[in-house]
Undergrad: 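Encoded as structure tokens, here's the structure I'll be asking about.
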There are 2 protein chains.
Amino acid sequence: MNADTAPLAHVVDDDEAIRDALSWLFRTRKLPSATWSSAEEFMAAWKPEWRGCVVMDIRMRGMSGLDCAELLRRNGSRLPIIFITGHGDVPMAVTALKRGAFDFIEKPFDDNALVDVVSSALEEDARLTLQRATREDTTARLDQLTGREREVMVLILAGKFNKVIADELNISMRTVEVHRARVFEKMGVRSAVELAQQLTVAGLYNSVAPAEE
Amino acid sequence: MNADTAPLAHVVDDDEAIRDALSWLFRTRKLPSATWSSAEEFMAAWKPEWRGCVVMDIRMRGMSGLDCAELLRRNGSRLPIIFITGHGDVPMAVTALKRGAFDFIEKPFDDNALVDVVSSALEEDARLTLQRATREDTTARLDQLTGREREVMVLILAGKFNKVIADELNISMRTVEVHRARVFEKMGVRSAVELAQQLTVAGLYNSVAPAEE
DNA sequence: ATTTTGGTTGCGGTCTTCCACAATTGCGGG
DNA sequence: CCCGCAATTGTGGAAGACCGCAACCAAAAT
């Protein structure tokens, strides 16, 4: 794993004292971290493949932490975000958490508690990343299917016989067999059951085989 | 749907003025509700089949709202819980939400906002209830499988041929076929693909067919 | 002692799947 | 105009899935 994708706790705070304190804290606890002095700076450098988590002040000069989180989500990031704040109120915390923040911690915070939270955020990201990897592989395979193959696949997943599929698509059974074989080949499976299984673990089942009956 | 299972907004608050205000508010907005003057009273009456949501004060004489929520969860309830509080602090809100509370609202609250939250909580519960129904049906079917049938089912879901399954279990192919047919019959499906599909929508796939390969 | 239930097996046969070999049509790009 | 690709179809055969019928054994229940 190269430096760009190694998991990091990204500290985003416009207060240098806090950055230094957190940086020191994480270093002494063996948690890799990086610091950014503003949301703008962080967002300018951010890349989708970054792993780890974000530890961010809510109130900063320029872009707020909440807005930054929103922007991250919009850009497709799923990095767990831990907000820290000196003057947070309940509605703010509620909003942040309901929008998916990993945690919301008030200053002054307990060093051990914060390290624990960051650790679990890193674990969470590792878990999500792993899950996403198989999902992306499956998506890539799905993308190389031709339109007809996709149609056939849906019917296969509906548990229909080749004969029935042929009938519904007004093509010969033989053609269905060819498509079926190609689908299995491209999806890297050897049976309809394996196909269903793969789509299930990738969490893509419902997106290709809409519920019916 | 009888009176006991009709969706209700259960108001739990030891302040009669609040109970009356909420009761009136919900009544005028056509949201069915019931009131309870303490967590103990509510828990004593509570039944697992209750539908709707809970609107509860955090700070009450006797059992606190947080403890009551914990108790509810322990007893298997998945009712969405909306906390209201006059003197909440950030850590309390964070704790409540991270433990699964639906929302956390400070007094004085905006009537319209509260009604919106309760409405979405009711919708959420309806959604969960529906989902749980299919899940329970599937669980019931799963429960009537014999041990051997379950073993065979797992291997079927692993995409293995009857021949291979017979080999792994040291039984004849014919026996596998019999078990296979019974599994399909008891599960109410007609193919392995449908079986995988059913377990998927019921969210039980991973509990019966642990990831491997 | 008898019945029920779960697990087991064989036979024979039909239906489906899967595959190699062989070909045709239509479309877009070089 | 030729090439590559997607979609299409056919033939024939091997392999697997599925089914009804018939049966045996052991343990548990009645």
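Excluded from the calculations below are hydrogen atoms, water molecules and symmetry mates; all remaining heavy atoms, backbone and side chain alike, are included. On a predicted model such as this, the values are computed, not experimentally measured, just so you know.
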Undergrad: Which nucleotide in the set C:dT9, D:dT8, C:dG7 lies at the smallest distance from any side-chain heavy atom of A:Arg148?
TA: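 Nearest to the side-chain atoms of A:Arg148, counting from C-beta on, is D:dT8.
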
Undergrad: Are side-chain heavy atoms of B:Phe42 and B:Cys68 found at a separation under 4.5 Å?
TA: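 Result yes, sub-4.5 Å side-chain heavy-atom pair found.
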
Undergrad: Does B:Val176 or A:Arg180 map to a spot on DNA chain C nearer the 5' end, using the closest nucleotide for each?
TA: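 Here B:Val176 is the residue nearer the 5' end.
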
Undergrad: How many whole angstroms separate atom CZ of A:Arg190 from atom C1' of D:dG16?
TA: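 In whole Å, D:dG16 C1' and A:Arg190 CZ are 14 Å from each other.
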
Undergrad: Rounding to a whole Å, what distance do you find between B:Ile165:CD1 and C:dT8:C1'?
TA: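 Answer to the nearest Å: 16 Å.
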
Undergrad: Please determine whether a side-chain nitrogen of the Lys or Arg among A:Arg141 and A:Asp137 lies less than 4.0 Å from a carboxylate oxygen of the Asp or Glu.
TA: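 A salt bridge is present here (some side-chain N lies under 4.0 Å from a carboxylate O).
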
Undergrad: Check each of B:Leu195, B:Val178, B:Thr146 against B:Val183 using the side chain to side chain contact (heavy atoms under 4.5 Å, CB included) test, and report the only one that passes.
TA: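 Filter result, single survivor: B:Leu195.
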
Undergrad: Could you give the CD-to-P distance, from A:Glu177 to D:dA7, as a whole number of Å?
TA: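 One finds 17 Å between P of D:dA7 and CD of A:Glu177, rounded.
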
Undergrad: So B:Thr146, base contact, sugar-phosphate only, or nothing? Heavy-atom distance under 4.0 Å.
TA: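 Since only primed, P, OP1 and OP2 atoms lie under 4.0 Å of B:Thr146, the category is sugar-phosphate.
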
Undergrad: Could you tell me how far apart A:Glu149 (CD) and D:dC5 (C1') are, to the nearest whole angstrom?
TA: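 Interatomic distance, CD of A:Glu149 to C1' of D:dC5: 11 Å.
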
Undergrad: May I ask you to verify if any side-chain N or O of A:Thr175 is less than 4.0 angstrom from the OP1 or OP2 atom of D:dT8?
TA: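 So the side-chain polar atoms of A:Thr175 never come under 4.0 Å of the phosphate oxygens OP1 or OP2 of D:dT8.
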
Undergrad: Rounded to the nearest angstrom, tell me the gap between atom CD1 in B:Ile171 and atom P in C:dG10.
TA: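 Value for this atom pair: 11 Å.
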
Undergrad: Separation of A:Arg182 atom CZ from C:dT17 atom P, in whole Å?
TA: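 After rounding, the reported distance stands at 18 Å.
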
Undergrad: Is the distance from OP1 or OP2 of C:dG6 to the nearest side-chain N or O of B:His179 less than 4.0 Å?
TA: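 False: B:His179 side-chain N/O out of range (4.0 Å or more) of C:dG6 OP1/OP2.
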
Undergrad: Measuring to OP1 and OP2 of C:dT16, would you say a side-chain N or O of A:Lys163 lies under 4.0 angstrom away?
TA: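 Answer yes for this pair, as a side-chain N or O of A:Lys163 is under 4.0 Å from OP1 or OP2.
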
Undergrad: Both A:Phe184 and B:Ser172 contact DNA chain C. Taking the nearest nucleotide for each, which residue is further toward the 5' end?
TA: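 On the 5' side of the pair lies B:Ser172.
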
Undergrad: Mapping A:Leu169 and B:Ala181 to their closest nucleotides on DNA chain D, which lands nearer the 5' end?
TA: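 In this pair, the answer is A:Leu169.
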
Undergrad: Looking for any heavy atom pair under 4.0 Å, which part of the strands does B:Arg174 touch: base, sugar-phosphate only, or nothing?
TA: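 The answer is base, as B:Arg174 lies within the cut-off (heavy atoms under 4.0 Å) of a base atom.
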
Undergrad: Whole Å only: how far is the CD atom of A:Glu185 from the P atom of C:dC18?
TA: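 Checked: the CD to P distance equals 13 Å.
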
Undergrad: Could you check whether any side-chain heavy atom of B:Glu151 comes within less than 4.5 Å of a side-chain heavy atom of B:Arg148, counting everything from C-beta outward?
TA: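 Side chain of B:Glu151 against side chain of B:Arg148, heavy atoms only: contact under 4.5 Å found.
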
Undergrad: OP1 or OP2 of C:dT17 versus the side-chain N and O atoms of A:Asn162: is any pair under 4.0 Å?
TA: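 Result: yes.
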
Undergrad: Separation of B:Met173 atom CE from D:dC18 atom C1', in whole Å?
TA: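 Checked: the CE to C1' distance equals 10 Å.
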
Undergrad: State, yes or no, whether a side-chain contact exists between B:Asp57 and B:Asp15 at a heavy-atom distance under 4.5 Å.
TA: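 No, too far: nothing below the 4.5 Å cut-off.
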
